[in-house]
Amino acid sequence: MTAKTLYDKLWDSHVVRQEADGTALIYIDRQLVHEVTSPQAFEGLKLAKRKPWRTASMVAVPDHNVPTINRAAGIADPISRTQVETLDANCAEFGIVEFKMGDIRQGIVHVIGPEQGATLPGMTVVCGDSHTSTHGAFAALAHGIGTSEVEHVMATQCLVAKKSKAMLVKVDGKLGHGVTAKDIALAVIGKIGTAGGTGYAIEFAGSAIQGLSMEGRMTLCNMAIEAGARAGMVACDDTTINYVKGRPFAPKDSDWDKAVAYWKTLHSDAGAKFDATIELDAAQIRPQVTWGTSPEMVTSIDGRVPNPASAPDAVKRGDWERALQYMGLKADTPINEIKVDKVFIGSCTNARIEDMREAAAVAKGKKVAANVKLAMVVPGSGLVKAQAEQEGLDKIFVAAGFEWRDPGCSMCLAMNDDRLEPGERCASTSNRNFEGRQGQGGRTHLVSPAMAAAAAIAGHFVDVSR
Amino acid sequence: MRKFELLDGVVVPLDRANVDTDAIIPKQFLKSIKRSGFGPNAFDEWRYLDHGEPGMDNGKRPLNKDFVLNQPRYQGAQILLARENFGCGSSREHAPWALEDYGFRVIIAPSFADIFFNNCFKNGLLPIKLAADKVDVLFKAVEANVGYKLKVDLEKQTITTPDGSAYPFEVDAFRKHCLLNGLDDIGLTLQHVEDIKAFEAKHRAAQPWLFA
Ligand code: SF4
């Protein structure tokens, strides 16, 4: 038998049929649903008088539009409110499990899926959201889809897809103190570029990846899409199995043993062939900070804002110049001299309990710098929030001058009221630094939770590894 | 879905790499629960000088005259010429909805982000990958000639320039068939209901916990 990659195994076990040109129908085990990309899909379904194929495969949650403050008052913006109410109504109509805004299980879709055990090894997982790659951390094949595809999966339980190429990103060695999964993700993107993974499914492997917790692996797979790959994944091991055990949607009793036996096969076989391989030495990775308007515009905390004069080609030079202008940065400025106006700790990349702990450890007993107008911590789910409060992390944040909010996407994309004003500069643990992402004219620097907390305390970027 | 017919359209050049879907349609417009009406807000932050919100009368907003879509010579453009990694970022299908609603039928770029690329085909938009040097030639030609048009023939898979040079392009057979005939994927997939049911039964037997 030929050696298979993890991706081959996940793909092969879900092919319903395949055409001669490689176009396949892939069976989908889990569809996660949120309020922004589903209303048109539900509407399409109803217009065509179709019913969801298997409602039990779906879990829904509102996250993008929900307020993170004063939630009891409901959603003030009538358009946002309608969108969330539309989700509620659609879920009620079709009998889909939904964690509504008042439910402690509510949170960012990519945080709650794994938290509930709704994401399991060996599954195919889709959601109308590009960061669905997050779920690949569980040795699942998970990718973001558009709204037409959301409707397609609802109606047929299948996705029309073609197999991607396979890329291995191998990170060996030991991460330095203060260096996290987020830094690995940014370092990989810095190396291969935001289009480097286009057309590939990435498997992250190597001793540094095996050493990551499930939460770290989720952070890494979450950012696979920022490297252009629709899917990122990590092999299943004891870390995976221990995380899943006992969660509400996880298999129980005899199913559990059967499942574990199967899950243990979910890794690339020795000698499996990848179409591309990238290697990184974990010990060389330093805390990362983005300086531009694309996640590939990244350097380490020891670095400087690059000089467009040294760009490799004319298109890049133009991009760098435009980015520096948008970011209000001068070429050659040391990264650690860049001052921030706001700090955002949250998003599906970094709003899990370990992220909260990492940030709190830095903030403990300190005060947010006077030049920082707002430092906010937005947990990824109601359960993360409750856990953090049980550990007293909220008190550490509040004493240091951070705001402690309710769960949701928040200032990751600023669809609710949390946003940057034009020209404001933010240290953010989210995943995208595109123009206007956190508010029109806002300037985003992507960093790890520890780096964000440290920037809040110092008022500018500092090296948490020293 | 609208059928893709032979197109002879004005080309507009958008000379930047990594144009993301947040730029194509900013998030505030994603609050809509409809599929249409996004065209006036395509590239909103680049196109207008003020901050756009849903419900505004876009006809009364101040235009950014420097932005290429606002230049008189490119009015009525149906073909968008772009650079590497077009459509990266969020999976929002609102991006192709906005481009289609604006009037685009074809996007030509050296590379596209995967999800965006997929989403285009579901909405009667044809994304064409063309080698970077060829795209470069087209950029120069468009900028040098007011009213520059290209003919796009999906059936024959060619782009033809006004001087008669033809550029062949690749397109997946299945997607081509759907675009040419205006077919909706769901209907096609449901022709295979028996296959799906058979697969599901087998899958359930092997991994019953997925169906618990
Ligand atoms: S937290 Fe940000 S990236 Fe994640 S799902 Fe929400 S908006 Fe998207």
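Labels below follow one simple rule: chain letters A, B, ... track the order of the sequence lines, proteins then strands, and each chain is numbered from 1.
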Response to the item:
Applying a strict 4.5 Å limit to non-hydrogen atoms, the region of A/Val315 in contact with chain B is side chain

Practice prompt. Measure A/Ile79 against the heavy atoms of chain B and call it side chain, backbone, both or neither at under 4.5 Å.
Written response: both

Item to complete: Under 4.5 Å heavy-atom distance to chain B, tell me which part of A/Val150 shows up: side chain, backbone, both or neither.
Response: neither

Response to the item:
If one checks every heavy atom of A/Arg30 against chain B at 4.5 Å, the contacting part turns out to be neither

Discussion item. For B/His51, which atoms come within 4.5 Å of any heavy atom of chain A: side chain, backbone, both, or neither?
Written reply: both

Worksheet item: Is the shortest side-chain N to carboxylate O distance from B/Arg35 to A/Glu151 below 4.0 Å?
Response: yes

Worksheet item: Would you call B/Glu170-B/Lys129 a salt bridge at under 4.0 Å N-O?
Response: no

Fill in: Structural part of B/Asp195 lying under 4.5 Å from a heavy atom of chain A
both

Worksheet item: Between B/Arg83 and B/Asp136, does at least one N-O distance fall below 4.0 Å, as a salt bridge requires?
Response: yes

Worksheet item: Considering only heavy atoms, which portion of A/Asp77 lies under 4.5 Å from any heavy atom of chain B: side chain, backbone, both, or neither?
Response: side chain

Worksheet entry | Short N-O contact, B/Arg61 and B/Asp44, less than 4.0 angstrom | yes

Item to complete: May I ask you to check whether B/Trp97 and B/Asn123 show a side-chain donor-acceptor distance below 3.5 Å?
Response: yes

Item to complete: Select one option (side chain, backbone, both, neither) describing which atoms of A/His131 are under 4.5 Å from chain B's heavy atoms.
Response: neither

Worksheet item: With a 4.5 angstrom heavy-atom cut-off, which part of A/Leu413 approaches chain B: side chain, backbone, both or neither?
Response: both

Practice prompt. Heavy-atom distances under 4.5 Å only: say whether A/Ala48 touches chain B with side chain, backbone, both or neither.
Written response: neither

Worksheet item: Which value, rounded to the nearest 0.5 Å, describes the distance between A/Gln40 atom CD and B/Ile33 atom CD1?
Response: 8.0 Å

Fill in: Proximity breakdown for B/Lys27 and chain A, heavy-atom pairs closer than 4.5 Å
both

Discussion item. Counting only non-hydrogen atoms closer than 4.5 Å, does A/Ser38 touch chain B with its backbone (N, CA, C, O), its side chain (CB onward), both, or neither?
Written reply: neither

Practice prompt. Side chain from CB out, backbone as N, CA, C, O: work out which of these in B/Asn119 comes under 4.5 Å of a heavy atom of chain A, or both, or neither.
Written response: side chain

Item to complete: Please assess A/Asn65 against A/Gln83 for the test side-chain hydrogen bond (donor to acceptor under 3.5 Å, both in side chains), listing each intermediate value before the final yes or no.
Response: CA-CA 8 Å; A/Asn65 278 285; A/Gln83 203 167 54; 2.6 Å; yes

Worksheet item: Considering only heavy atoms, which portion of B/Ala206 lies under 4.5 Å from any heavy atom of chain A: side chain, backbone, both, or neither?
Response: backbone

Discussion item. Counting only heavy atoms from other residues, nucleotides and ligands, does the tally under 6.0 Å from CG of A/Asp88 exceed 12?
Written reply: yes

Worksheet item: Counting only heavy atoms not in A/Lys252, do more than 12 sit closer than 6.0 Å to its NZ atom?
Response: yes

Worksheet item: Which answer fits A/Arg437, side chain, backbone, both or neither, if we ask what part of it has an atom under 4.5 Å from a heavy atom of chain B?
Response: both

Worksheet entry | Contact class of A/Thr147 relative to chain B, heavy atoms under 4.5 angstrom | both

Worksheet entry | Presence of salt bridge, A/Asp319 and A/Arg322, under 4.0 angstrom | yes

Practice prompt. Please look at B/Phe116 and chain A and tell me whether the side chain, the backbone, both or neither of the residue comes under 4.5 angstrom of a heavy atom of that chain.
Written response: neither

